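In what follows, a structure is listed as structure tokens, so that the remarks can point back to it.
Naming: A, B, ... by sequence-line order, numbering from 1 per chain. Model, not experiment: these values are computed from the prediction.
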Amino acid sequence: MMTEPNTTPIVEMTGISISFPGVKALDGVDFRLLPGEVHALMGENGAGKSTLIKALTGVYGIDSGRIVVGGVDQVFAGPAEAQAAGISTVYQEVNLTDNLSVAENVMLGHEIRRFGLIDWHATRKAARTYLKALNLDIDPKSSLSSHSLAVQQLVAISRAMVVDARVLILDEPTSSLDSDEVARLFDVIRTLRDQGVAILFVSHFLEQIYAISDRITVLRNGSLVGEYTPAELPRVELVGKMIGRALEVLTELEGRSERAVVDRSGTPFMQAIGVGRRGSIEPFDLDIYPGEIVGLAGLLGSGRTELARLLYGADHADSGETLVSGQAVKLRNPRSGLAKSIVFSSESRKTEGIIGDLTVRENIVLGLQAERGWMRRVPRKKADDVVAQYIEALGVRPANPDAIAGNLSGGNQQKVLLARWLATAPKLLILDEPTRGIDVGAKAEIQKLVADLAAQGMAVVFISAELEEVLRLSHRIAVLRDRHKVAELVNSDDVTTDVVVDLIASGGTSA
Amino acid sequence: MATDEMTVKARKQPEPKLTGAVHRSRPTLDRRYLPVLGTVVVLVLMLIIGGSRYDNFLSGRVMANLLINNSFLIVVAVGMTFVILTGGIDLSVGAVLALSTCISAWMFVHGWPAYVAIPAAILAGALIGWAVGVMVHVFEIQPFIATLAAMFLARGLCYVIAPESIPITDPTIVKLGTRWDLGGGWAITPSGVIALAVVVVAFVTLHYTRFGRTVYAIGGGEQSARLMGLPVARTKVLVYVISGTCAGLGGLLFAAFSSSGYSLTGVGMELDAIAAVVIGGTLLTGGSGFVLGSVLGVLVLGLIQTIITFEGTLSSWWTKIVIGALLLVFVILQRLLVVRRR
């Protein structure tokens with residue numbers, strides 16, 4: 001199944017296990033990394049990729065197992081020790097300090113000294129050399145924060161090379177880069193690989209994995225699935241190995257060609273007439289009927305979130321009128337939205353959604369509690385029932401109400417967030433980017449859930465940057481551009497991403 | 001490999017956006033210096049106002065006294081700058097300074113020579129700083145609480161050692177206050193020289209050592225600093241040791257200034273030091289600021305006091321009101337800078 005390598009591994013991890021309270025993050029995982037290869041680590045959110053990386057770099061201690069680096073048994077107490085052993089990591093969120101200059105970020109801790117004091121001239125010159133090696137022609141004296149995320153990412157890699165890395169770990173380095181920037185990063189990766197650096201690459205983008213990897217290791221639920229070469233592992237099989245059973249859900253959803261016809265004869269659940277807010281979104285009309293999924297399509301910054309916030313009362317409109325079930329209402333704050341059974345699941349899961357320090361149970365009950373008011377505590381029995389019901393229905397993993405929400409993977413946090421709002425039995429569910437940053441499996445499950453909820457009569461506003469997803473789910477699509485609602489179309493098989501992209505590009509005039 | 005290199009070269013030209021901000025048109029002043037520049041402007045304005053309103057205000061004597069009378073505060077503010085740069089705070093410095101005066105006074109009274117008493121007083125400050133550092137880093141106690149505890153501890157120890165004020169007659173300490181005439185009314189004391197030396201050493205440490213750069217990196221983001229493999233633990237403990245040591249040394253300078261060891265010395269001085277650091281342009285969130293700014297901050301505070309003394313009719317409480325107003329202005333200014341940066 002795998003080609004026998006002719007070089008000895010630089011990193012060999014055997015039987016690695018790590019547990020967190022309520023979560024078994026890694027369970028006897030084996031992993032090896034050869035010099036001069038790009039090795040992709042694949043798996044869903046929560047499969048244990050990040051944990052494995054953090055075990056290798058000494059951020060987490062391991063409960064059991066063995067880590068051999070360059071033929072030496074190692075137990076790293078922290079990133080500093082791992083770096084000393086030649087293992088450098090570039091994380092998804094650029095972990096540099098943006099209050100300092102580029103040169104300092106590259107050289108921090110490795111500044112060139114003369115007579116015990118830092119020789120800034122030589123240090124900047126060295127930084128320039130490292131930057132040049134990655135074909136990065138920027139002024140080392142410039143402040144890091146003045147550069148784009150892509151450049152910062154490359155600066156982070158330059159820094160990794162300063163310590164003479166034999167192993168370079170890239171944890172989702174491409175998640176915020178555009179395609180040109182990715183191509184550029186890949187050039188750098190190939191150059192380093194050819195110099196004999198072992199590169200561990202993590203990404204959610206399958207195309208990128210196949211473009212750059214020499215070998216692929218797949219994890220699922222904290223366990224090793226296997227090690228493969230890209231040639232012997234077609235994409236479909238890779239996805240299958242990553243998500244296991246969830247693949248069926250995905251294909252089921254893909255196959256769903258007939259869309260339920262929404263009865264638009266009665267009163268819409270919500271009617272927005274000329275609702276707008278200065279500086280946020282121009283006045284728009286929008287009707288949302290029970291059982292209908294209205295997708296909002298548009299580029300980043302086109303006003304998708306702003307529109308949703310007006311519907312929910314998070315911001316209050318300065319023009320227009322909102323009717324709920326035919327009656328005029330004033331939505332001044334999230335509470336008034338909640339009182340009308342309108343709930344909003346924010347796009348920033350971490351800052352506006354999940355409370356990481358609380359348990360899954362506490363997070364789910366929050367919505368119910370808010371609806372009852374803080375004076376009337378939700379009885380424990382009822383809370384337990386509700387929580388158990390939604391953990392089961394949404395397939396939250398681990399299925400442990402006492403797990404700390406912050407320890408869950410992104411997809412599972414999203415499910416907990418959904419459970420919170422579904423527990424309040426809403427009539428209108430507004431989902432802002434519910435599937436961002438989560439893996440294919442969980443994504444499919446959440447999409448299916450949304451479709452099912454609508455089929456049961458719930459009105460849904462669905463926001464996503466992924467047009468395919470909006471098209472797959474929505475009955476109607478509102479197209480936004482530059483904080484204008486430029487078009488609204490009924491979804492059918494004739495509506496393709498090209499149609500919507502044209503609408504966005506033309507600003508609705510061609511429709 | 002060869003083809004890879006070719007593609008790399010081919011890409012080089014058409015990618016101007018990846019070169020970032022280098023090509024920004026006119027050479028602008030580095031943003032990091034803006035807050036300090038604000039302090040300089042305030043200082044100059046105050047000198048102009050003072051000079052135009054009062055005779056002899058801009059004389060060498062008044063200016064020299066500004067440095068001499070505030071030498072202890074400069075030393076304390078320098079230590080505070082290290083702590084605030086990491087994003088921490090040290091509320092214990094006023095009490096530690098008092099403890100240092102009490103310890104030295106008590107030891108002199110009990111016949112200890114200066115070469116024992118002076119290091120002992122400074123060491124006491126360093127020890128308390130170390131204890132605070134360990135509390136903050138190892139036990140992850142908020143710096144506010146850890147240093148508050150240290151403040152009560154140090155203040156309490158003062159009363160144990162010196163319930164009453166103890167006069168200091170030790171020649172070494174007295175000598176710290178000798179005025180060396182520099183002509184034209186200008187003068188300097190050994191205390192002033194020590195303060196200036198501390199500033200120079202602190203400046204070099206912050207800007208020309210790896211330790212100093214780590215201080216800034218921690219202020220910029222402790223998590224990032226840790227992941228970059230920097231010695232975060234050691235550095236965080238050390239900044240509190242530095243602050244404690246500076247407070248201990250400041251106590252000796254204050255003892256020279258007041259010729260006594262007294263348990264009620266320096267009540268609220270930690271707040272003066274924090275005010276000086278903030279007015280000097282250091283962000284309370286850490287990662288941005290300069291030790292020279294803190295010196296300017298102390299001089300601004302000193303000037304306010306001088307102006308109010310010259311005014312004569314004003315109650316000295318006006319000093320506090322002006323400091324409060326200035327502090328507010330500077331904090332709002334910093335906030336605006338941070339907001340604009342985003």
Between B:Arg213 and A:Glu111, is a salt bridge (Lys or Arg N to Asp or Glu O under 4.0 Å) present by the stated rule, with each step listed? CA-CA 9 Å; B:Arg213 300 326 290 168; A:Glu111 295 94 342; 5.6 Å; no
What verdict does the side chain to side chain contact (heavy atoms under 4.5 Å, CB included) test give for A:Leu117 and B:Val204, after you've listed the backbone C-alpha separation in whole Å, the side-chain angles of each residue and the deciding distance to 0.1 Å? CA-CA 8 Å; A:Leu117 297 181; B:Val204 170; 3.8 Å; yes
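Comparing B:Pro231, B:Gly220, B:Ser224 by how many heavy-atom pairs each has under 4.5 Å with chain A, the most go to B:Ser224. Your options are A:Glu81, A:Glu104, A:Met107, A:Arg113, and the one with the most heavy-atom pairs under 4.5 Å with chain B is A:Arg113.
In this structure, the side chains of B:Leu227 and A:Thr57 stay at 4.5 Å or more apart for every pair of heavy atoms.
With a threshold of 4.5 angstrom between heavy atoms, A:Leu108 approaches chain B through its backbone and through its side chain. Contact annotation for A:Asn105: both backbone and side-chain heavy atoms come within less than 4.5 Å of a heavy atom of chain B. Heavy atoms of A:Val102 lying under 4.5 Å from chain B are absent altogether. Contact annotation for A:Gln83: only side-chain heavy atoms (C-beta onward) come within less than 4.5 Å of a heavy atom of chain B.
Of all non-hydrogen atoms in A:Asn99 and B:Tyr216, the two that sit nearest each other are ND2-O, 3.2 Å. In terms of heavy atoms, A:Gly109 sits closest to B:Arg210 at O-NH1, 3.4 Å. The nearest pair of heavy atoms linking A:Ala80 to B:Gly229 is CB-O, 3.4 Å.
Around the CH2 atom of A:Trp120, the shell of radius 6.0 Å holds more than 12 heavy atoms that belong to other residues, nucleotides or ligands.
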